[in-house]
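Reading through the structure tokens given below for one structure.
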2 protein chains.
Amino acid sequence: MQLTRQSEYAIRTLLELSKYSDGEFIQSRAIAIQQDLPVQFLNKTVQILARTGLVETRRGMQGGIRLAVKPETITIADVVVAIEGKIAINPCLADDYHCVNRPNCRVHEILERAQSAMLAELDKETLADLVRDDNNERVI
Amino acid sequence: MQLTRQSEYAIRTLLELSKYSDGEFIQSRAIAIQQDLPVQFLNKTVQILARTGLVETRRGMQGGIRLAVKPETITIADVVVAIEGKIAINPCLADDYHCVNRPNCRVHEILERAQSAMLAELDKETLADLVRDDNNERVI
DNA sequence: AAGTAATAAGATTGTATTTATCCTATATAA
DNA sequence: TTATATAGGATAAATACAATCTTATTACTT
């Protein structure tokens with residue numbers, strides 16, 4: 001329903017991975033330290049990203065995480081949708097929500113417009129855009 | 001953090017009141033029936049709207065609720081902010097949120113831009129706009 | 001003055017969601 | 001075969017959301 005912390009973590013994770021986009025696997029622990037995120041929760045987040053095909057993972061020694069696609073092709077909206085599923089800023093915008101006022105409801109219509117405006121904004125920026133302007137230097 | 005059902009209820013309530021904007025007090029029960037909302041919860045919502053000055057209430061017989069301002073001057077954003085307080089579509093946008101990446105954080109920046117786009121959309125429409133196009137006829 | 005009708009306000013409850021953490025399993029390289 | 005890293009399930013703690021209950025307060029009506 002909303003943009004959770006996990007979405008933010010996912011963005012930061014992918015942002016971090018974008019800095020290394022030359023095929024090498026980065027350990028989740030390193031990302032967690034770098035971006036100050038709880039490791040275990042980050043691992044859960046990575047699992048989701050892996051299932052949706054945004055990252056590739058490798059277990060065992062020399063294992064870790066890497067982008068599965070070019071950072072130019074992933075928008076922030078892509079990341080958010082990967083984590084949250086279909087967005088609905090208000091319950092009445094959810095697919096399975098039954099409302100007596102449908103389908104001709106001005107409230108619904110306006111909320112939907114607001115949501116679209118938000119998602120459009122998130123769809124403007126790719127990971128590549130972000131990493132280009134990011135102030136956080138690569139430390140490790 | 002998000003646009004709750006209570007926000008939607010508030011919008012619907014004010015929308016309903018806008019249909020009668022000639023100074024008469026409408027009972028919350030009538031609004032609840034008209035818009036299919038839980039009465040007690042609606043009363044809570046009205047209390048908030050009253051505190052923020054959007055509606056006036058009167059107790060006792062012949063009492064009820066009415067708009068405190070003209071429907072042309074209330075935007076949907078006004079209503080949402082009245083109910084939710086300062087909006088933050090992501091925890092990192094909250095005022096009291098401490099983040100190591102501040103103040104130079106691209107993620108924060110983009111989320112903020114998305115939020116602004118959303119609020120701008122909600123700020124475009126007033127209650128008067130809504131009631132003009134509303135399909136729900138006044139029944140009582 | 002008493003009774004009735006309406007909202008105000010505080011307390012409480014139930015549920016769902018969010019944000020983790022723990023533990024065991026599985027894969028992989030050295 | 002051992003050390004290392006993610007996978008996945010279970011669970012827990014915290015928070016938020018939605019709703020209800022109860023008692024007060026206000027105000028008209030008779």
Side-chain angles (χ1 to χ4, degrees), chain A residues 1-10 12-13 17 24-33 35-52 54-66 68 80 83-92 94 96-97 99, chain B residues 1-10 12-13 17 24-33 35-66 68 80 83-92 94 96-97:
Chain A
M1 175 98 70
Q2 51 285 104
L3 309 188
T4 59
R5 280 203 87 175
Q6 193 169 31
S7 285
E8 189 207 334
Y9 291 173
R12 290 194 193 288
T13 300
L17 290 175
E24 62 174 317
F25 286 95
I26 312 298
Q27 292 176 27
S28 65
R29 197 166 49 82
I31 298 170
I33 292 170
Q35 292 279 342
D36 193 30
L37 313 175
V39 192
Q40 306 251 39
F41 192 47
L42 175 59
N43 282 333
K44 289 290 178 202
T45 308
V46 167
Q47 283 178 33
I48 299 173
L49 294 176
R51 272 188 231 116
T52 56
L54 292 183
V55 301
E56 286 169 3
T57 59
R58 181 140 115 195
R59 299 183 183 185
M61 289 181 82
Q62 313 294 336
I65 307 147
R66 71 179 179 194
V80 171
I83 296 295
E84 319 253 349
K86 197 137 184 282
I87 302 290
I89 60 170
N90 185 267
C92 91
D96 59 344
Y97 186 73
C99 178
Chain B
M1 178 94 69
Q2 52 285 102
L3 308 188
T4 59
R5 282 207 83 178
Q6 193 169 31
S7 284
E8 190 207 333
Y9 290 175
R12 291 195 193 286
T13 300
L17 290 176
E24 62 174 319
F25 287 96
I26 313 296
Q27 293 177 27
S28 64
R29 196 165 51 83
I31 298 169
I33 292 170
Q35 294 278 342
D36 192 30
L37 313 174
V39 191
Q40 303 251 41
F41 192 46
L42 174 60
N43 282 333
K44 286 292 178 200
T45 309
V46 166
Q47 283 177 32
I48 299 172
L49 294 176
R51 272 188 230 115
T52 56
L54 292 183
V55 301
E56 286 170 2
T57 59
R58 181 140 112 197
R59 299 185 184 184
M61 290 181 84
Q62 314 291 339
I65 307 148
R66 69 179 181 194
V80 171
I83 297 295
E84 318 255 349
K86 196 136 183 282
I87 302 289
I89 60 169
N90 184 267
C92 92
D96 59 344
Y97 186 72

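Throughout, a chain's letter reflects where its sequence line sits, starting with A, and its residues are numbered from 1.
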Under the side chain to side chain donor-acceptor pair (under 3.5 Å) test, which residues partner [X], sequence neighbours left out?
| X | answer |
| --- | --- |
| Thr13(A) | none |
| Gln27(B) | none |
| Thr57(B) | none |

For [X] and [N], give me the distance from atom [atom1] to atom [atom2], rounded to whole Å.
| X | N | atom1 | atom2 | answer |
| --- | --- | --- | --- | --- |
| Asn90(A) | dA16(D) | CG | C1' | 15 Å |
| Tyr97(A) | dA18(D) | OH | P | 9 Å |
| Ile26(A) | dA5(D) | CD1 | P | 12 Å |
| Ile83(A) | dT19(C) | CD1 | P | 11 Å |
| Glu84(B) | dT15(D) | CD | P | 19 Å |
| Gln47(B) | dT20(D) | CD | C1' | 13 Å |
| Glu56(B) | dA6(C) | CD | P | 19 Å |
| Leu3(A) | dA16(D) | CG | C1' | 16 Å |

statement: Given Watson-Crick and G-U pairs under 3.5 Å, DNA chain C in dot-bracket ([ ] crossing, | other strand) is ||||||||||||||||||||||||||||||

If the cut-off is 4.0 Å, is [X] near the phosphate of [N], judged by side-chain N/O to OP1 or OP2?
| X | N | answer |
| --- | --- | --- |
| Thr57(B) | dA6(C) | no |
| Ser28(B) | dT7(C) | yes |
| Arg29(B) | dT7(C) | no |
| Arg51(A) | dA7(D) | no |
| Tyr9(B) | dA19(D) | yes |

field: Side-chain heavy-atom pair Leu42(B), Gln35(B) within 4.5 angstrom cut-off
entry: no

- request: Return the set of residues passing ring pair (Phe, Tyr, Trp, His ring centres under 6.0 Å) with Phe41(A) (not counting sequence neighbours), or none when no residue passes.
  value: Tyr9(A)

- request: Would you sort out whether Ile83(B) and Leu49(B) count as a side-chain contact (heavy atoms from CB on, under 4.5 Å), showing the intermediate values?
  value: CA-CA 7 Å; Ile83(B) 297 295; Leu49(B) 294 176; 3.9 Å; yes

Nearest heavy-atom pair of [X] and [Y]: which atoms, and what distance?
| X | Y | answer |
| --- | --- | --- |
| Val39(A) | Arg29(A) | CG1-CA, 4.2 Å |
| Ala88(B) | Ala94(B) | CB-N, 3.8 Å |
| Glu8(B) | Tyr97(A) | OE1-OH, 4.0 Å |
| Asn90(A) | Leu3(B) | ND2-O, 2.9 Å |
| Ala10(B) | Thr45(B) | CB-CG2, 3.7 Å |

field: Nearest-0.5 Å distance, CZ of residue Arg5(A) to CZ of residue Arg12(A)
entry: 9.0 Å

task: Mind checking Gln27(B) for me? I need base, sugar-phosphate or nothing, with any heavy atom below 4.0 Å counting as a touch.
output: sugar-phosphate

Review item, nucleotides 28-30 of chain D N/O atoms under 3.5 Å of protein N/O:
residue, atom, partner, partner atom, Å
dT29(D), OP1, Gln62(B), NE2, 3.3

Tabulate protein N/O versus nucleotide N/O from nucleotides 11-13 of chain D, keeping only pairs under 3.5 Å, one per line.
none

- prompt: Could you walk me through whether Leu54(B) and Ile48(B) pass the side-chain contact (heavy atoms from CB on, under 4.5 Å) check?
  reply: CA-CA 9 Å; Leu54(B) 292 183; Ile48(B) 299 172; over 6 Å; no

message: According to side chain to side chain contact (heavy atoms under 4.5 Å, CB included), who are the partners of Glu56(A), at least two apart in sequence or on a separate chain?
response: Arg66(A), Ala68(A)

query: Residues two or more places apart in sequence or in another chain: which of them pass side chain to side chain contact (heavy atoms under 4.5 Å, CB included) with Gln47(A)?
result: Lys44(A), Arg51(A)

field: Minimum-distance nucleotide to Arg59(A) side chain [options: dA18(D), dA20(C), dT26(C)]
entry: dT26(C)

message: On DNA chain C, compare the nucleotides closest to Gly64(B) and Gly63(A); which residue's is nearer the 5' end?
response: Gly64(B)

query: What residues in residues 36-44 of chain A put a non-hydrogen atom under 4.0 Å from any atom of DNA chain D?
result: Lys44(A)

